[in-house]
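Numbers restart at 1 for each chain; the letters A, B, ... are given by sequence-line order, proteins then strands.
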Amino acid sequence: MPELPDLQIFSKNLHLALAGKKLQRIKIINKSKLKSSLQKIKKAVEGNRIKKIYREGKEIHFLFANNNVLGFHMMLRGRLHYFDENNSHKYTIVELYFNEAPGLALTDYQGNANVTLNPIMKDSPDALSKEVNYKFLKEKLGRKATIKNVLLDQDVIRGIGNAYADEILWNARISPFSISAKIPSAKVKALARSIKSVLAQAAKKIDRAEPGIIGGEIRDFLDIHNSRKKKSPAGATIRVSTSGSRKTYYTNEQELYK
DNA sequence: AGAAATGTTGCGCT
DNA sequence: AAGCGCAACATTTC
């Protein structure tokens, strides 16, 4: 559910709420979702203060004073909630209990969200990092895969998901079905700009729409990947192509390179 | 009430 | 062989 702009804002808000707080206890409800052993996780983080909370690709990382990192991956349906003794959630994976701060729960009714101690990051750059520029894209796009699939490939760039891939490609006016290697240089430059601007502006909108947000979704402002909209801001009819249960939204304003 | 939503993995096809 | 695309996972929300 959450994509890069959502996670960017969630992690910022979590940092504001929880940095400096001591983790009293981590309660594991669904052990099968731990990518590291329960004992190791408890030993590594319980009793430690949180130094920083930030986003890495599609994960949220909790950095502790002893330099251990706890990584949460929401997958499709993971969600964060603050809780107290008066509310409980179904489908909880872990609960974090703090001194002088509300507890934080990670839930997922689909059961795919997961927790890793000191996650090993892929060496592909984050979508918002400086490394993702024209030169980088030019090199990485030299292949036959469609441009949308390359943008979604976390081994190329970390952080772009299905909905924002469509938004970015419309912004750059490139058809999602274009063969990556066939996209001309001028368009690759446009794409580099669109990646940054679409993601950064979306994060701002989410931040403004709901200050303090740490879960859920706000996507009414998406221009193209939005089932409630029929026309692009430029006036073209939005088309939908389905593959399995996921959809690609696009318009004929986007150039197809084959 | 029923369609739509999301990321990653593994498998099959080229 | 390597690269590419697609289906499946499960349940809630609109």
*For each nucleotide in nucleotides 6-14 of chain C, reading 5' to 3', give B when a protein heavy atom comes within less than 4.0 Å of its base, S when such contact involves only the sugar-phosphate, and - otherwise.*
SS--BBS--

Would you check if the side chain of [X] reaches a backbone N or O of [Y] as a donor-acceptor pair within less than 3.5 Å?
| X | Y | result |
| --- | --- | --- |
| A/Asn118 | A/Val69 | yes |
| A/Arg55 | A/Gly57 | yes |
| A/Glu253 | A/Trp170 | no |

Mind listing the N/O atom pairs, protein and nucleotides 9-14 of chain B, below 3.5 Å?
none

*Derivation of the salt bridge (charged side-chain N to carboxylate O under 4.0 Å, His left out) call for A/Asp166 and A/Arg246*: CA-CA 12 Å; A/Asp166 289 351; A/Arg246 56 180 13 147; over 6 Å; no

Using whole Å, what does the distance between atom [atom2] of nucleotide [N] and atom [atom1] of [X] come to?
| X | N | atom1 | atom2 | value |
| --- | --- | --- | --- | --- |
| A/Tyr164 | B/dG7 | OH | P | 11 Å |
| A/Met75 | B/dA5 | CE | C1' | 14 Å |
| A/Ile160 | B/dG7 | CD1 | P | 11 Å |
| A/Lys33 | B/dG7 | NZ | P | 17 Å |
| A/Phe72 | B/dG7 | CZ | P | 19 Å |
| A/Asp155 | B/dT8 | CG | P | 10 Å |
| A/Ile238 | B/dA4 | CD1 | P | 15 Å |
| A/Arg219 | B/dT6 | CZ | C1' | 8 Å |

*Taking for each residue the nucleotide of DNA chain B with the nearest heavy atom, is it A/Tyr249 or A/Gln154 whose nucleotide lies nearer the 5' end?*
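Between the two, 5'-proximity favours A/Tyr249.
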
_Any side-chain heavy-atom pair of A/Ile157 and A/Val150 under 4.5 Å_ = no

*Got A/Lys12 and A/Asp207 here, is their nearest side-chain heavy-atom distance under 4.5 Å?*
yes

*asked:* Looking at A/Lys182, I want to see if its NZ is surrounded by more than 12 non-hydrogen atoms of other residues, nucleotides or ligands under 6.0 Å.
replied: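 At most 12 heavy atoms, drawn from other residues, nucleotides or ligands, come within 6.0 Å of this atom.
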
*Tell me, yes or no, whether the heavy-atom count around A/Ile120 atom CD1, taken from other residues, nucleotides or ligands under 6.0 Å, exceeds 12.*
no

*Selection: residues 251-258 of chain A, any non-hydrogen atom under 4.0 Å of DNA chain C*: none

*Pairs counted as Watson-Crick or G-U wobble with both distances under 3.5 Å: what dot-bracket string results for DNA chain C, using | for bases tied to another strand?*
.||||||||.||||

*Quick one: list whatever passes side chain to side chain contact (heavy atoms under 4.5 Å, CB included) with A/Lys230, sequence neighbours left out.*
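For A/Lys230, no residue satisfies side chain to side chain contact (heavy atoms under 4.5 Å, CB included) once neighbours in sequence are set aside.
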
*For A/Ile29, what residues pass the side chain to side chain contact (heavy atoms under 4.5 Å, CB included) criterion, not counting sequence neighbours?*
A/Lys27, A/Thr92, A/Glu95

Whether [X] contacts [N] is assessed here as follows: a side-chain N or O lying under 4.0 Å from the phosphate OP1 or OP2. Is that the case?
| X | N | result |
| --- | --- | --- |
| A/Lys148 | C/dG5 | no |
| A/His73 | B/dG7 | no |
| A/Lys144 | C/dG3 | no |
| A/Arg143 | C/dG3 | no |

*asked:* For the residue pair A/Lys21 and A/Phe98, would you count it as a cation-pi contact if the rule is NZ or CZ under 6.0 angstrom from the ring centre and within 45 degrees of the ring axis?
replied: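 No.
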
_Over 60° means perpendicular and under 30° means parallel, so tell me whether A/Phe177 and A/Tyr250 are parallel, tilted or perpendicular._
perpendicular

*Distance between the P atoms of C/dT12 and B/dT8, in whole angstroms?*
23 Å

*P gap between B/dG10 and C/dA10, integer Å*: 16 Å

_Out of the candidates A/His61, A/Arg158, A/His73, only one should pair with A/Glu56 under the side-chain hydrogen bond (donor to acceptor under 3.5 Å, both in side chains) rule; please name it._
A/Arg158

_Under 4.5 Å between side-chain heavy atoms, counting indirect links through other Ile/Leu/Val/Met/Phe/Trp/Tyr residues: same cluster for A/Leu70 and A/Ile214 or not?_
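Yes; tracing contacts between hydrophobic side chains, which count when under 4.5 Å, links both residues.
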
_Charged N-O contact under 4.0 Å between A/Asp108 and A/Lys33_ =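 No, no charged N to carboxylate O under 4.0 Å.
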
